[in-house]
Number of protein chains: 2
Amino acid sequence: MVHADASNFASGVTKEKAYRQVLQQAEALFEGQRNWVWSVHNSHKLHITNLANSASLLWHAYKSLPLPSSEVNWAGFYTLNAAKPKQLILGPFQGKVACQTIAFSRGVCGKAAATAETQLVPDVEAFPGHIACDGDSKSEIVVPIVVDGKVVAIIDIDCAALDGFDEVDKLWLEKLATLLGKTCEW
Amino acid sequence: MVHADASNFASGVTKEKAYRQVLQQAEALFEGQRNWVWSVHNSHKLHITNLANSASLLWHAYKSLPLPSSEVNWAGFYTLNAAKPKQLILGPFQGKVACQTIAFSRGVCGKAAATAETQLVPDVEAFPGHIACDGDSKSEIVVPIVVDGKVVAIIDIDCAALDGFDEVDKLWLEKLATLLGKTCEW
């Protein structure tokens, strides 16, 4: 059975170790669902479930790490709005309330969705067209989830410190994006 | 535009005032969506967006309140699994990872879904069939969201203190459930 302990991260571990735990826990959570039978409608609900638990894992991982990672103030997902191309719609997250939709042309999330490339932004104020949904957010990383060459969702992490993310975050969040792309129905 | 400030709650206010802010903010967030055009598929995504922001509002409201409300350790939603009657599936939440599915016959959530009645449980250990997803949870309130006489989702709040909830929580969470039932497509 899924247990909340999966969100418990030892303090004092490296970022790599914390991310490895996120991936292992996520994989274990998703694995149990492979034998389930789902309609198209519920495939969608199933990926919401996986995104909700993934946001929780990421949030608690960051909170266990030293600065600047512990200053992460939003961790979650936007998914593609199938009815309105080039628009993202808010999915599960941990943190304060967030914009319900984001156009592909707008901000860090929009750029990641439009280019299908990770955006690592050390200072959001210096990013053209940044959406200031939360004035506390100072840096951001956005990683696209790509399935069959198409962006289906993005992982969005904000940090209240400048330079909150580096190549280690990029590497491991891209691994998580790959896992989510492979194990969820989109 | 939606702003993270909606999640900021003044400390020292009464529970009624905090809940009133949750309702007002939720109503404002949902209101902006009424003019949008949605396919059936995206109606589903839209209610996920509203549930995600509602979980955030509730979480931050509890954190602004005195004990025992500040000890809330999980706030979120389960929605009906349309493909498998009498099963709930995890939706957006704030807190540690949670069970992906819950049968109508199991635990506090299952009872609220099966009976369409709010379950206010001062001590979860004393509740027959309680699902111990997080050993830290000591009390719980679960409020069904009912549309056209049918449970479509539940609001689930856990507290790490005994007796975490009272009639005030019940009253206001039922108001939120009514708002969500009316303003979202299910």
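The structure displayed is predicted, hence computed values, not measured ones. Lettering of chains follows the sequences in order, A, B, ..., and the numbering in each one begins at 1.
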Participant: Is atom NZ of Lys111(B) surrounded by more than 12 heavy atoms (other residues, nucleotides or ligands) closer than 6.0 Å?
Facilitator: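 No - once you tally the heavy atoms of other residues, nucleotides and ligands closer than 6.0 Å, there are 12 at most.
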
Participant: Below 4.5 Å, heavy-atom pairs only: which of Pro92(B), Gly91(B), Ser56(B) has the largest tally toward chain A?
Facilitator: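 Winner by heavy-atom pair count: Ser56(B).
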
Participant: Is there a path of hydrophobic side-chain contacts, each under 4.5 Å between heavy atoms, that joins Val22(A) and Val13(A)?
Facilitator: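 Different hydrophobic clusters.
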
Participant: If we ignore hydrogens and angles and just use 3.5 Å, is the side chain of Gln100(A) paired with the main-chain N or O of Thr49(B) as donor and acceptor?
Facilitator: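 Judged by distance alone, no pair lies under 3.5 Å.
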
Participant: Just wondering, are more than 12 heavy atoms of other shown residues or ligands nearer than 6.0 Å to NZ in Lys15(B)?
Facilitator: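 For Lys15(B), atom NZ is crowded (more than 12 foreign heavy atoms under 6.0 Å).
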
Participant: Identify whether Ile145(B) and Leu171(B) are in the same connected component of the hydrophobic contact network (ILVMFWY, side-chain heavy atoms under 4.5 Å).
Facilitator: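 Yes; Leu171(B) is reachable from Ile145(B) via cluster members.
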
Participant: Measuring from atom NZ of Lys96(A) to atom CG of Asn8(B), what distance do you get when rounded to the nearest 0.5 angstrom?
Facilitator: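 That separation rounds to 3.5 Å.
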
Participant: Heavy-atom count check: over 12 atoms from other residues, nucleotides or ligands less than 6.0 Å from Lys63(A) NZ?
Facilitator: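 For Lys63(A), atom NZ is crowded (more than 12 foreign heavy atoms under 6.0 Å).
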
Participant: At what distance, to the nearest 0.5 angstrom, does OG of Ser7(A) lie from CG of Asn73(B)?
Facilitator: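 Rounded to the nearest 0.5 Å, the OG-CG separation comes to 11.0 Å.
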
Participant: Just so I understand: if I count every heavy-atom pair under 4.5 Å between each of Asp5(A), Asp134(A), Asp136(A), Val97(A) and chain B, which residue has the most?
Facilitator: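 Looking at each option in turn, the highest pair count goes to Val97(A).
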
